[in-house]
Amino acid sequence: MKLRHSMLLLLLSAATSGFSQNQKFTHADTLRGAITPQRAWWDLTYYHLKVTPNTKDSTLTGSTSITYKVLQPNQSMQVDLQQPLQISKVTQDGESLEFRRDGNAFFIDLKKKQESGNTENIEVFYSGKPRLAKNPPWDGGVQWIPDGKGNTMISTSCQGLGSSVWWPCKDHMYDEPDSMKISITVPKNMTDVSNGNLLSVVDNDDNTRTFNWAVKNPINNYGVNMNVAEYVSWKETYKGEKGELNLSYYVLPQNLEKAKEQFKQAPMMLKAFEHWFGPYPFYEDGYKLVEVPYLGMEHQSSVTYGNGYKMGYRGKDLSGTGWGLKWDFIIIHESGHEWFANNITYKDVADMWVHESFTNYSENLYTEYYFGKKAGAEYVIGTRKMIENKTPIVGIYGVNQEGSKDMYYKGGNMLHTIRQIVNDDEKWRQVLRGLNKTFYHQTVDGAQIENYVSEKSGKKLGKVFDQYLRDTRIPTLEYAFGAKGLQYRWSNVVEGFDMPVKVQIGSGKEEFISPTTGWKTMKVKEGKTLIVDPNFYVEAKEIKASL
Ligand SMILES: [Zn+2]
């Protein structure tokens, strides 16, 4: 997801990220956020989603065919669909099944004996008026926007909220189908762009046509999307690390010329991110940029774009350094999510930092790739002013509760700090590429990512992750110059915090010191000044009193 910004950030973050550890969660939160027994016994293998949006009354009618493998015998299956949408019928092998509604969860009684190892299928039929997106992409749902020519543009966005806001599915991130087909039926003059490759466009008798899209890779729920407009499009081929990649662009006719210029940044993005993160993860599905009426979202292989063809974030530089105006924030940030969100996907939204911290950090790496290491560092350091340090980055597990918005800027600065500790740029790049290879097309726990980075970098980073992800305090390097020399320690930190840090003492060269929470002493040759390398997201405080 895209971060909110400026006034919006200030106004909305209080309402959405001001949760506390004491927050009460409901039965509905658990049904939405836990791997319930009615979810755990079956493994998704394939979805075929068929939807016909009706612009006259803003309703959807359709079905999801769900193919799954039985892991453990069980006769009760949970499928999710949010109010006010309604499931009208569920069938298995042509037979209608009974089901019971519990809020946004449906429990289906399966008649056929479900035996371990078997592959089965159900089809869930539904209709109704889906939740309108109030402030997409942050407060999502379905948007119906008149295009001024008598048509209605339709777009979906649902991260966090969940894809069951517009189609019936297993609405938990831990499980993804191996592939998917999406069939959207629209008025004859309109085009639907969803995910993957366009297989066919079928003309129907009733002045509509059906766009059939095939996704050949695992896809997360919120990555699935429907975008309907009178699009014009063009294509190009990108020669990347895994061969030829098809790039397609879909924009409104009036923006075609602007888009052709602005979207030159898409192949530039691919070049930079393949360098840092490894091959684009969905060669088989191509890469698309699709214009939408809202800011943007990392829909898998179908990145949606609404940045107004401006550089920066709606024309602004989030870092205040000027570097953020050198590129289009939505093209770079949302596409960065193809590696961290769509390739490596959190199992639980409490670990959303795996998506947002790395993708925020990708902005720094993109800047570095084209404008040099100093520029990248200035950019990420420049974004520190937006860190709040009010609640931890990691959210609450099992109840669909994400952590604080610090997962963006603070998360990016945490990774930039870790790079300094690794102190070997090529090794660091191999860690980033290794993550995308090791966890290729997987859903993960945050702990797997933390452990991998520690192991492959050869650095003990457990306390560093604890400090930045699960605590709100900024480490403070306390130091004093006295008769014994330089004394220093970490304060304002988690127990056992022992992060090495680079400092310059007097006029000497930068060097690493290894503070702990206890005072250490070192002899200094000359000078009574200490400067902490600004690439480390820490504070420093000189203690003047004698120790
Ligand atoms: Zn994002």
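Numbering of ligands and ligand atoms starts at 1, following listing order. What you see is a predicted model; the values in this text were computed from it and never measured. Because only heavy atoms are used, hydrogens play no part in the values below, and waters and symmetry mates are left out as well, while side chains stay in.
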(message) Do Lys260 and Trp234 form a cation-pi contact, if we require the NZ or CZ to be under 6.0 Å from the six-membered ring centre and within 45 degrees of the ring's axis?
(response) yes
(message) Between the side chains of Lys373 and Glu378, is the shortest nitrogen-to-carboxylate-oxygen separation below 4.0 Å, so that they form an ion pair?
(response) no
(message) I'd like to know if the Zn ion (ligand 1) has an N/O/S atom from Glu356 within less than 2.8 Å of it, counting both backbone and side-chain atoms.
(response) yes
(request) I would like to know whether Asp171 and Arg39 meet salt bridge (Lys or Arg N to Asp or Glu O under 4.0 Å); could you show each step before the answer? (result) CA-CA 9 Å; Asp171 206 354; Arg39 280 176 173 151; over 6 Å; no
(request) Of all N, O or S atoms in His337, identify the one at the shortest distance from the Zn ion (ligand 1). (result) NE2
(message) Please tell me whether Tyr249 and Glu291 have a donor and an acceptor in their side chains that are separated by less than 3.5 angstrom.
(response) no
(message) Let me check your reading of the structure: within less than 2.8 Å of the Zn ion (ligand 1), is there an N/O/S atom from His333?
(response) yes
